[in-house]
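Order of the sequence lines sets the chain letters (A, B, ...), proteins ahead of strands, with each chain counted from 1. Only a predicted model underlies this, so the values are computations on that prediction, with no experimental measurement involved.
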Number of protein chains: 2
Amino acid sequence: MVAVMTASKSEAAYQLVSERIVNGAYSPGYRLVLGTIADELGCSVVPVREAIRRLEAEGLVHFTRNVGATVAHVDSTLYLHTMQTLMVIEPAATALAADAMDAAWLAKARALNENMRQCLEDFDPVAFTRMNTEFHQLLYGQCPNPHILDLVQRGWRRLAAMRASSFTHIPNRARASVQEHEALLDLIGNHATPAQIEAACRDHRSNTLNAYLKAAGMAPSAI
Amino acid sequence: MVAVMTASKSEAAYQLVSERIVNGAYSPGYRLVLGTIADELGCSVVPVREAIRRLEAEGLVHFTRNVGATVAHVDSTLYLHTMQTLMVIEPAATALAADAMDAAWLAKARALNENMRQCLEDFDPVAFTRMNTEFHQLLYGQCPNPHILDLVQRGWRRLAAMRASSFTHIPNRARASVQEHEALLDLIGNHATPAQIEAACRDHRSNTLNAYLKAAGMAPSAI
DNA sequence: GTACATCAAATCGTATACGATCAGTGTGCG
DNA sequence: CGCACACTGATCGTATACGATTTGATGTAC
């Protein structure tokens, strides 16, 4: 073969299916048939199988032996569990990343948050969600602990998949969200301790989760 | 075939290699050759490959494309990262599991902790470590959030692998550990809030980590 | 003696093939 | 008419085979 193999086929299959789930092209319950995906990618089933198993480990697909894989269903419980995980992991990542947050970083984050505020004026929820994701990536992105960073990213991908399947859950939280971001950035700007940053970040997510739980008539999270 | 296929060969390979790494039979750096393991298991390389990839996702093995897999090396950084992850995940799991901790559970946990104290009198560090693992499993074991539970278990398995490779790190922490366990059980017995339980559990791990970092001449963890 | 090109062995990556297992369907019996 | 059972099609699980890639050794030129 002449072309350079930039990535393995297994990796390609993983990227493809993963992106389609996160995008919403594959809705929850969608049946992932190895042979079909293999044909589409022009490869055999072996690398596709490996990709599916990886996605299963991430919780994006549900796999039953000798039966097959389907895109994982989303319900209140899954949302609760994912949010609880992020509620402890993301603040830790942010606190650990605080060392790398200099003036330039702060300016960028503030600008992004202002853009989010503008999205509210413009009633543009799609752009708001995109920027919100970007904002949080900015927060935890420079976390020096690869395990924690990886867990945060996985959690966000699950959230993205949930949103794509029109599992909406934020009743009027957007405005408070922007304010909480601002407060968090102020803390960072004032060189607050990692513990303070962690607490603020956790409260932010806790507020979102509990707003959802309240709207859904469910009991607030124990943690 | 007459025999019931209790588990797939892929699963069997995963169990085998995983246990050997955790036991220390495979030391860090040990080369995991697909064909060799496949021969030993009496199966082909395909299921072994899948098992190795799973172990890579867990961080127990290091995998390089077209080169092969080796048991992950352990160093201070990996220990720090694993402990930081557990420092946020395990307390959350414990706090969430608190609902399921009744009087019978408490009696069992207290008995176990007393056994650990006895191990100290008998200078039996092996039994102490085993019971310590058991004690912590008791703490987080009934966590109702499967994602968090899974993460805690993975973290503990990594710690076990580190200990097996004689990466010793606890300078005289055992006695304090037993006392902290006791204080934690008192909190639970007095029906403390999840937040209090979480904080106590986190302090316990934080103390262990920082004792290590201090002994190693390293800066304390930011979180 | 060192640096570089070449080659061979080892090992991985994936295609293909076939057996194993499961869900759904039809048929016969009670 | 309803239930149990065998059958079938779809799909997965794994063995085998072969091409691709890496690594280390060997030989050669400087």
Item to check | Position toward the 5' end of DNA chain C (nearest nucleotide), A:S44 or B:G35 | outcome: B:G35
What integer distance in Å separates [X]:[atom1] from [N]:[atom2]?
X     : N      : atom1 : atom2 : value
A:Y14 : C:dT14 : OH    : C1'   : 20 Å
A:E50 : D:dC12 : CD    : P     : 16 Å
A:D39 : C:dA15 : CG    : P     : 11 Å
A:I37 : D:dC12 : CD1   : P     : 9 Å
A:I52 : D:dT11 : CD1   : P     : 14 Å
B:R53 : D:dT14 : CZ    : P     : 17 Å
A:K9  : C:dT16 : NZ    : C1'   : 13 Å

Checklist entry - Which part of the nucleic acid does A:T64 contact within heavy-atom distance under 4.0 Å: base, sugar-phosphate only, or nothing? => result nothing
Checklist entry - Looking at residues at least two apart in the chain, or sitting in another chain, which of them share a salt bridge (charged side-chain N to carboxylate O under 4.0 Å, His left out) with B:E58? => result B:R157
Item to check | By salt bridge (charged side-chain N to carboxylate O under 4.0 Å, His left out) - contacts of A:E134 (at least two apart) | outcome: none
Checklist entry - Under the ring pair (Phe, Tyr, Trp, His ring centres under 6.0 Å) rule, what pairs show up with a residue in residues 43-77 of chain B, not counting sequence neighbours? => result none
Checklist entry - Tell me the salt bridge (charged side-chain N to carboxylate O under 4.0 Å, His left out) pairs involving residues 81-105 of chain B, sequence neighbours left out? => result B:E90-B:R205
Item to check | Residues which pass side chain to side chain contact (heavy atoms under 4.5 Å, CB included) with A:A127, listed by chain and number, not counting sequence neighbours | outcome: A:C119, A:D124, A:R130
Item to check | B:Y212 and B:Y79 aromatic ring geometry - parallel, tilted or perpendicular at 30°/60° bounds | outcome: perpendicular
Dump every N/O contact between nucleotides 9-11 of chain C and the protein below 3.5 Å, one line per pair.
none

